[in-house]
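Scope of the values below: all heavy atoms of this structure, side chains included, with no hydrogens, waters or symmetry mates. Quick note on labels: first sequence line is chain A, next is B, and so on, each numbered from 1.
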Amino acid sequence: MNYWLLKSEPDVYSLDDLKDEGTDCWDGVRNYQARNNLTAMEEGDLGFFYHSRTKPPHIAGICRIAKKAYPDPTAFDPEENYYDPKSDPDDPRWFCPDVSYVCHLPETVSLKKIKKEESLSEMVLVKNSRLSVQPVTKEEFKKVCLMGGLKKIPE
DNA sequence: GCCAACGTTGGC
DNA sequence: GCCAACGTTGGC
């Protein structure tokens with residue numbers, strides 16, 4: 001079981017949107033490091049849903065990987081914002097897993113709080129703020145769950 | 001809305 | 001393969 005953090009601008013796609021959908025594909029990622037993390041995900045892995053470019057930016061809740069990453073269809077469609085002519089359907093460059101809604105945290109955990117927390121000083125979120133799909137350690141996952149007021153940590 | 005930090009592109 | 005120019009992300 002691995003843990004992850006997925007960023008999204010809530011104006012574009014929020015945790016509430018995922019809740020409404022139930023399960024959705026995490027498409028549109030066009031960064032190699034993030035792509036490598038997406039393809040390393042296994043079905044059943046848990047992830048934080050992070051709201052970026054908000055006041056304040058925060059971890060909103062939890063999602064689960066519902067299906068291992070497959071070629072991202074939005075890369076092949078010229079009508080799509082995320083169209084990438086360099087991604088060949090016979091040799092895809094971009095991939096997306098399906099993620100499903102798990103829960104909202106009772107209290108969102110702001111980036112500010114995370115930065116203040118000594119035990120979270122090694123989080124990728126703190127060290128490499130640009131990366132939109134990141135690994136999270138089990139300890140970090142538990143800690144943020146507790147900070148968010150979650151009584152029972154999902155497994 | 002600004003801009004620092006980071007990633008990518010492409011000429012040489 | 002270097003690196004300048006450019007584009008994007010995301011906190012503030």
Side-chain angles (χ1 to χ4, degrees), chain A residues 2-21 24-41 45-65 69-137 139-150:
Chain A
N2 292 304
Y3 300 89
W4 307 96
L5 182 145
L6 299 165
K7 283 189 198 173
S8 183
E9 294 180 38
D11 288 348
V12 179
Y13 195 90
S14 70
L15 182 56
D16 286 325
D17 293 328
L18 179 60
K19 187 179 184 181
D20 290 342
E21 290 293 324
D24 215 343
C25 49
W26 201 266
D27 56 21
V29 171
R30 298 291 179 266
N31 169 283
Y32 289 102
Q33 212 180 336
R35 190 273 314 267
N36 293 344
N37 287 330
L38 285 178
T39 53
M41 292 174 175
D45 284 356
L46 289 164
F48 285 130
F49 197 113
Y50 180 84
H51 285 164
S52 65
R53 268 177 163 275
T54 53
K55 288 183 181 175
H58 60 272
I59 292 174
I62 296 172
C63 58
R64 191 183 292 279
I65 306 308
Y70 50 91
D72 183 343
T74 63
F76 307 136
D77 182 356
E79 301 293 311
E80 276 283 348
N81 283 340
Y82 298 121
Y83 175 58
D84 182 358
K86 292 176 204 153
S87 187
D88 182 338
D90 293 327
D91 184 20
R93 179 176 294 202
W94 307 115
F95 293 81
C96 57
D98 285 346
V99 301
S100 53
Y101 175 81
V102 174
C103 64
H104 280 70
L105 290 175
E107 297 170 56
T108 62
V109 179
S110 68
L111 178 63
K112 196 176 173 184
K113 276 190 185 169
I114 289 169
K115 284 182 169 172
K116 274 189 187 165
E117 181 60 45
E118 181 65 28
S119 62
L120 298 177
S121 62
E122 293 298 310
M123 270 189 88
V124 181
L125 192 64
V126 176
K127 301 211 131 186
N128 180 3
S129 65
R130 293 277 309 267
L131 188 60
S132 66
V133 181
Q134 322 178 345
V136 170
T137 68
E139 290 70 29
E140 289 163 352
F141 188 82
K142 278 187 191 169
K143 179 69 186 173
V144 173
C145 285
L146 292 172
M147 288 167 75
L150 209 59

note = Rounded to whole Å, CG of N36(A) lies from C1' of dG7(B) at a distance of 14 Å
Between dT9(B) (P) and N31(A) (CG): distance, integer Å = 11 Å
Nearest-Å distance for atom pair OH/C1', residues Y82(A) and dT8(C) = 12 Å
query = What is the distance from CZ of R30(A) to C1' of dC6(B), rounded to the nearest Å?
reply = 19 Å
ask   = Please give, in whole Å, the distance from dG1(B) C1' to E9(A) CD?
value = 14 Å
task = Check every strand shown and say whether K115(A) touches a base, only sugar-phosphate, or nothing at a heavy-atom separation below 4.0 Å.
result = sugar-phosphate
ask   = Rounded to the nearest Å, what distance is computed from the CH2 atom of residue W94(A) to the C1' atom of nucleotide dG7(B)?
value = 10 Å
ask   = Would you call the rings of Y32(A) and W94(A) parallel, tilted or perpendicular if under 30° counts as parallel and over 60° as perpendicular?
value = tilted
request  = Take atom CZ of R130(A) and atom P of dA5(B), then tell me their distance rounded to the nearest Å.
outcome  = 11 Å
Residue closer to the 5' end of DNA chain B, K86(A) versus K55(A) (nearest nucleotide) = K55(A)
query = When you check the side-chain N and O atoms of Y101(A) and D20(A), is any donor under 3.5 Å from an acceptor?
reply = no
remark   = Taking dG7(B), dG10(C), dG11(C) as options, the one with an atom nearest any side-chain atom of R53(A) is dG10(C)
message = Side chains of S87(A) and R30(A): any donor to acceptor distance under 3.5 Å?
response = no
message = Just by distance, no angles: are the side chains of D72(A) and T74(A) close enough, under 3.5 Å, to form a donor-acceptor pair?
response = yes
query = Whole Å only: how far is the CG atom of L125(A) from the P atom of dT9(C)?
reply = 16 Å
task = Check whether any side-chain N or O of Y50(A) sits under 4.0 Å from OP1 or OP2 of dG11(C), and answer yes or no.
result = yes
task = Select one nucleotide: of dG10(C), dG11(C), dG7(B), the one nearest the side-chain heavy atoms of P57(A).
result = dG11(C)
